[in-house]
Amino acid sequence: RSEDGILVGGGLRMSGAVGVNGEVDAFLLHPSAAAGDDVFECIDCVRTCHIPKLETPWPRGQELPHDAVQVPSAEDVVLAVSHAWKCQGHPDPAGDEAQVITNLVEQATSKLQPGGETLMFYDQLSLSQRPFRIGQDERSKEEERKFGAALAAMPFFFLLADAVIHISNPGPSVRLPGEGDLVEVDCAELDNVKLMKLDSDLRVVGFRDHQSPSNILLFDRIVSVSGKSVHRLRDLEISRR
C-alpha cells in the first residue's frame, strides 16, 4: 500500500540456516532472501545508521566498509530505493538525493518499527559499480558476475522488501564542471582509453594505466575523429586509418 510516498509491503518470515566458518546457525531469514540463490553474496543491504558517515558523492558498493552492510534477519526492516541516475557515472554526484533519502528512511522506520535494524538497498551502494573517478579499479570478473546475478534478483528483491522508496522527481540533471564542453585531443591519446558504445554514443569508460590523458575524462563522448562523426568502435578504426 502507499503511505506518504512510501510503498509499504510485507511478507512472511521463513526459517533457514546459514553456514558461518563451517558451522550452521539456524535463525529466521528476511523474506528478501528468497529473491535469488545466495542473493546476499551479490547484493549488500546497507545499515541506514551508517548513512551519515558516507562521503559525498556516495561510494561504490565494493568500497563500503564491512561494518556498513549486514545480512538482514527477520527482525530487520529492508527498504529498497528506486530512483533515476542523474549522470552516467554516478546517480547523485552532488549529494542532493542523500538528504531526501535520509528523511524518507526515517519516515519508513517510524512506520514499520523494526525489532532489529533498518537496512537499505540503493544500487550505488549495494552493487559493485563501474569507476566514476579516475584511479578507481574496474570491476573484477567476479564482481561482474555478481553484478549480473544481482540484476536478475532485483525485481524479486524489490517485491520482497518491506517498503519501496520511490524518488519520482530527482530534479534537473547536475551539470558537472566541464560538462558539455567540446575539447580537441591528439588521436594518439585515445590509445590509453577504454571505450564502450552506450546507446548511440561512443564513450570513455576507463583508462588503461589509470591516468587520464590531457583533457579526456570518464564518460566523455567521442564526437568525431579527423572531422568524421564517430558512433561506434568501427567508425573510430576507420577514421584513424
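Ser32 places none of its side-chain heavy atoms less than 4.5 Å from the side chain of Phe121. Residues Gln107 and Ile165 are not in side-chain contact: their nearest non-hydrogen atoms beyond the backbone lie 4.5 Å or more apart. At a threshold of 4.5 Å between non-hydrogen side-chain atoms, the residues Cys45 and Phe157 count as touching. At a threshold of 4.5 Å between non-hydrogen side-chain atoms, the residues Phe40 and Val69 do not count as touching. Taking 4.5 Å as the limit, every side-chain heavy atom of Asp92 sits out of range of all side-chain heavy atoms of Ile101. In this structure, the side chains of Arg203 and Asp220 stay at 4.5 Å or more apart for every pair of heavy atoms. Looking at Tyr122 and Val46, their side chains never come closer than 4.5 Å, going by heavy atoms from C-beta outward. Between Leu125 and Asp44, the closest side-chain pair of non-hydrogen atoms is not below 4.5 Å.
Annotation: the span from Gln70 atom CD to Arg47 atom CZ amounts to 5.5 Å, rounded to 0.5 Å. Atoms CD1 and CG, from Ile43 and Asp38 in turn, are 12.0 Å apart once rounded to the nearest 0.5 Å. Annotation: the span from Leu54 atom CG to Thr102 atom OG1 amounts to 9.0 Å, rounded to 0.5 Å. To the nearest 0.5 Å, atom NE2 of residue His83 and atom CD of residue Glu97 are 5.5 Å apart. The line from CD of Glu75 to CG of Leu28 is 7.5 Å long, rounded to the nearest 0.5 Å.
Aromatic ring pairs are classed by plane angle as parallel below 30°, tilted from 30° to 60° and perpendicular above 60°; the pair Trp85 and His90 is tilted.
The number of heavy-atom neighbours closer than 6.0 Å to CG of Asp67, taken from other residues, nucleotides and ligands shown, is above 12. Within a 6.0 Å sphere centred on CZ of Phe156, other residues, nucleotides and ligands contribute 12 heavy atoms or fewer.
Contact between Pro131 and Asp137 at its shortest, heavy atoms only, is CG-O, 3.4 Å. Contact between Ala163 and Leu112 at its shortest, heavy atoms only, is CB-CD1, 4.1 Å. Pairing each heavy atom of Thr118 with each of Val105, the nearest pair is CG2-CG1, 4.2 Å. Across Leu127 and Cys42, no two heavy atoms sit closer than the pair CD2-O, 3.8 Å. Closest approach of Val71 and Asp76 over heavy atoms only: O-OD2, 4.2 Å. The shortest heavy-atom contact between Glu189 and Val193 is O-CG1, 3.9 Å.
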Would Lys146 and Arg139 count as a side-chain contact (heavy atoms from CB on, under 4.5 Å) if you check the C-alpha gap in whole Å, the side-chain angles of each, and the deciding distance to 0.1 Å?
CA-CA 10 Å; Lys146 290 181 177 180; Arg139 282 193 294 236; over 6 Å; no
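Annotation: side chain to side chain donor-acceptor pair (under 3.5 Å) contacts involving residues 126-135, sequence neighbours excluded, are absent. A side chain to side chain donor-acceptor pair (under 3.5 Å) check over residues 49-61, counting only residues at least two apart or in different chains, returns the pairs Arg60-Glu63. Residue pairs meeting the ring-ring contact (aromatic ring centres under 6.0 Å, His included) criterion with at least one partner in residues 91-116, sequence neighbours excluded, do not occur; the list is empty.
Taking 4.0 Å as the cut-off between side-chain N and carboxylate O, Arg145 and Glu142 count as a salt-bridged pair.
A single hydrophobic cluster is not seen to contain both Leu190 and Val183; linkage of ILVMFWY side chains at heavy-atom distances under 4.5 Å, directly or through other members, places them apart. The hydrophobic cluster containing Phe132 does not contain Leu64, counting ILVMFWY residues as joined when their side-chain heavy atoms lie under 4.5 angstrom apart, directly or transitively.
A donor-acceptor pair under 3.5 Å is absent between the side-chain atoms of Asp162 and the main chain of Leu79, judged by distance alone.
Among Val78, Leu104, Val77, Ile51, the single residue meeting the side chain to side chain contact (heavy atoms under 4.5 Å, CB included) criterion with Met120 is Ile51.
Side-chain N/O atoms of Asn103 and Gln99 include a donor and acceptor closer than 3.5 Å.
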